[in-house]
Amino acid sequence: MKLKACLIFNPVAGQGDPDVDLETILTILSGCADEANPVEGIEIEVVVTTADCEPGELAKAAIERGAESIIASGGDGTLSAVAAALIGSSIPLGIISRGTANAFANALDLPTSIPEACESILAGGTKVVDMARCNGLPMVLLAGIGFEAETVNLADRESKNRLGMMAYVLAGLSQLRNLEQFEAKIETDDKIITVLASAITIANAAPATSILAQGGAEVVFDDGLLDLTIVTSKTALGAIATSYDLLSSTLRGEASQREDVGFVRSKKFTVTTTPPQKVVLDGEVIGTTPLEVECIPNGLTVFAPKIEEVQPTEKLEGLPNLTIEDKG
Ligand SMILES: Nc1ncnc2c1ncn2[C@@H]1O[C@H](COP(=O)(O)OP(=O)(O)OP(=O)(O)O)[C@@H](O)[C@H]1O
């Protein structure tokens with residue numbers, strides 16, 4: 001057995017059967033999933049979360065007990081809390097998503113199925129990604145002002161259980177009726193921008209489905225910078241057209257060309273608004289503007305699948321008596 005890890009497991013996350021999920025995880029991580037070809041497994045201590053525990057505190061306590069790595073399994077709430085506790089440490093974090101949106105794994109290009117996530121942890125490859133701090137709180141993915149904050153507020157636990165991802169879509173559609181613009185002053189590393197906005201999103205990392213973060217087509221999670229997207233749509237119809245454009249341009253890997261979308265990168269942003277707007281941080285409403293967000297470059301180490309090397313399509317050098325004639 002190698003590497004002593006602590007698995008922090010949320011039994012109520014997502015819509016799957018937690019007993020089956022836990023057994024699958026432990027079987028794969030023990031190295032015995034393939035009976036014919038067992039591999040060296042990981043020694044694991046399992047800590048099950050409770051309704052009133054703080055998963056980050058569980059992670060810190062496990063490290064004090066000697067855990068060499070932490071594995072978190074649950075929804076984005078559990079994963080973000082554990083990641084936040086590991087910012088600035090070199091303790092690698094394994095991410096096994098079992099939530100509704102699985103934004104955390106999607107944003108960092110990590111596997112979202114339980115078997116694939118476990119296999120990449122077992123293989124031991126890691127990568128280093130940026131983290132951020134928003135109004136003094138740890139931020140893994142993004143902070144939203146305006147439209148997105150209202151949407152998250154409306155997608156409650158009960159509707160997420162019933163509807164899964166649709167809860168966010170329906171909450172977003174119903175929120176369009178109340179779309180309101182606000183005055184925003186945005187300070188970057190080198191400029192001050194004032195604008196009339198309906199949504200502002202500051203992302204460290206974001207899945208393609210977080211369309212309000214996608215003005216610049218790609219949120220790069222290891223460039224030491226944050227990506228800010230401004231949406232200024234005035235009407236519900238305009239917001240639908242903008243959302244559709246952001247989704248389709250992201251899927252094409254292109255930046256939005258719409259006049260009601262703007263984007264800018266910076267290591268740090270300060271945003272003030274009139275009137276004050278709700279702020280959602282990694283899926284939770286944390287209060288209202290103003291807000292200050294700063295990137296923490298290389299803030300977290302995560303287990304990640306090894307990038308497959310591209311095989312060269314041609315190699316002739318070194319062959320004996322080699323001549324190569326250009327046919328012109
Ligand atoms: N044993 C438990 N019993 C009841 N609630 C729990 C327990 N463990 C954790 N929780 C609650 O689970 C919530 C965190 O859930 P998490 O975000 O991981 O999953 P999720 O809500 O399904 O994910 P998503 O946000 O992607 O939908 C916290 O509110 C926490 O209080």
Selection residues 319-328 - residue pairs positive for side chain to side chain donor-acceptor pair (under 3.5 Å), sequence neighbours left out: none
Looking at every non-hydrogen atom in both residues, tell me the closest pair between Ile193 and Val264 and how far apart they are. CD1-CG1, 4.3 Å
Straight-line distance of Phe104 CZ to Ser80 OG, nearest 0.5 Å: 5.5 Å
Using a 4.5 Å cut-off between side-chain heavy atoms of Ile, Leu, Val, Met, Phe, Trp and Tyr, which other residues end up in the same hydrophobic cluster as Ile324? Leu316, Leu319, Leu322
Does anything in residues 116-144 form a side chain to side chain donor-acceptor pair (under 3.5 Å)? List the pairs, not counting sequence neighbours. Ser113-Glu116
Apply side-chain contact (heavy atoms from CB on, under 4.5 Å) to residues Glu183 and Leu196 and explain how you reach the verdict. CA-CA 5 Å; Glu183 282 172 35; Leu196 206 54; 3.8 Å; yes
Quick one: list whatever passes side-chain hydrogen bond (donor to acceptor under 3.5 Å, both in side chains) with Ser69, sequence neighbours left out. none
Applying the side chain to side chain contact (heavy atoms under 4.5 Å, CB included) criterion to Leu26, which one of Thr24, Ile28, Leu22 satisfies it? Leu22
Main chain of Pro55, side chain of Thr49: is a donor-acceptor contact present, judged purely on distance under 3.5 Å? no
At their closest point, which heavy atom of Leu110 faces which heavy atom of Pro305, and how far apart are they? CD2-CD, 4.3 Å
Answer yes or no: is there a donor N or O on one side and an acceptor on the other, between the side chain of Gln181 and the main chain of Thr232, under 3.5 Å? yes
Does NZ belonging to Lys4 count more than 12 external heavy atoms closer than 6.0 Å? yes
One should read off an interatomic distance between Thr289 OG1 and Lys278 NZ, to the nearest 0.5 angstrom, of 11.0 Å
List in chain and number order the residues that pass salt bridge (charged side-chain N to carboxylate O under 4.0 Å, His left out) with Glu254, two or more places apart in sequence or in another chain; answer none if no residue qualifies. Arg252
Nearest 0.5 angstrom please: Leu281 CG to Leu291 CG, how far? 9.0 Å
Sorted by chain and number, sequence neighbours left out, salt bridge (charged side-chain N to carboxylate O under 4.0 Å, His left out) with Asp227 holds for Arg265
Who are the side-chain hydrogen bond (donor to acceptor under 3.5 Å, both in side chains) partners of Thr50, not counting sequence neighbours? Asp52
Nearest 0.5 Å please: distance from the CD1 atom of Ile96 over to the SG atom of Cys118. 4.0 Å
Using the salt bridge (Lys or Arg N to Asp or Glu O under 4.0 Å) rule, collect all pairs that involve residues 62-82, keeping only residues at least two apart or in two chains. Glu45-Arg65
Minimum heavy-atom separation for Ile202 and Phe269, please, with both atom names. CG2-CD1, 3.8 Å
For Ser266, enumerate each residue passing the side-chain hydrogen bond (donor to acceptor under 3.5 Å, both in side chains) test, keeping only those at least two apart in sequence or located in another chain. Asp189
Can a donor-acceptor pair be found, under 3.5 Å and without considering hydrogens, that links the side chain of Asn204 to the backbone of Val140? yes
How about NZ on Lys267, more than 12 heavy atoms from neighbouring residues, nucleotides or ligands closer than 6.0 Å, or not? yes
Taking the side chain as C-beta and beyond, is there a heavy-atom pair between Ile71 and Ile25 under 4.5 Å? no
Glu187: what forms a salt bridge (charged side-chain N to carboxylate O under 4.0 Å, His left out) with it, not counting sequence neighbours? none
Taking all non-hydrogen atoms of both residues into account, name the closest pair between Ala206 and Ala213 and its distance. CB-CB, 4.0 Å
Among all residues two or more places apart in sequence or in another chain, which pass the side-chain hydrogen bond (donor to acceptor under 3.5 Å, both in side chains) test with Glu23? none
Heavy-atom closest contact (Ile70 atom, Ala59 atom, distance): CD1-O, 3.8 Å
Roughly how far apart are Ser73 OG and Leu79 CG, rounded to 0.5 Å? 7.5 Å
Please examine the side chains of Leu86 and Ile63, heavy atoms only from C-beta on, and report whether any two atoms are closer than 4.5 Å. yes
d(Leu142 CG, Leu228 CG) to nearest 0.5 Å is 11.0 Å
Once salt bridge (Lys or Arg N to Asp or Glu O under 4.0 Å) is applied, what residue pairs with a partner in residues 95-106 remain, sequence neighbours excluded? Asp21-Arg98
Closest heavy-atom pair and its distance - Leu122, Gly41: CD1-CA, 4.1 Å
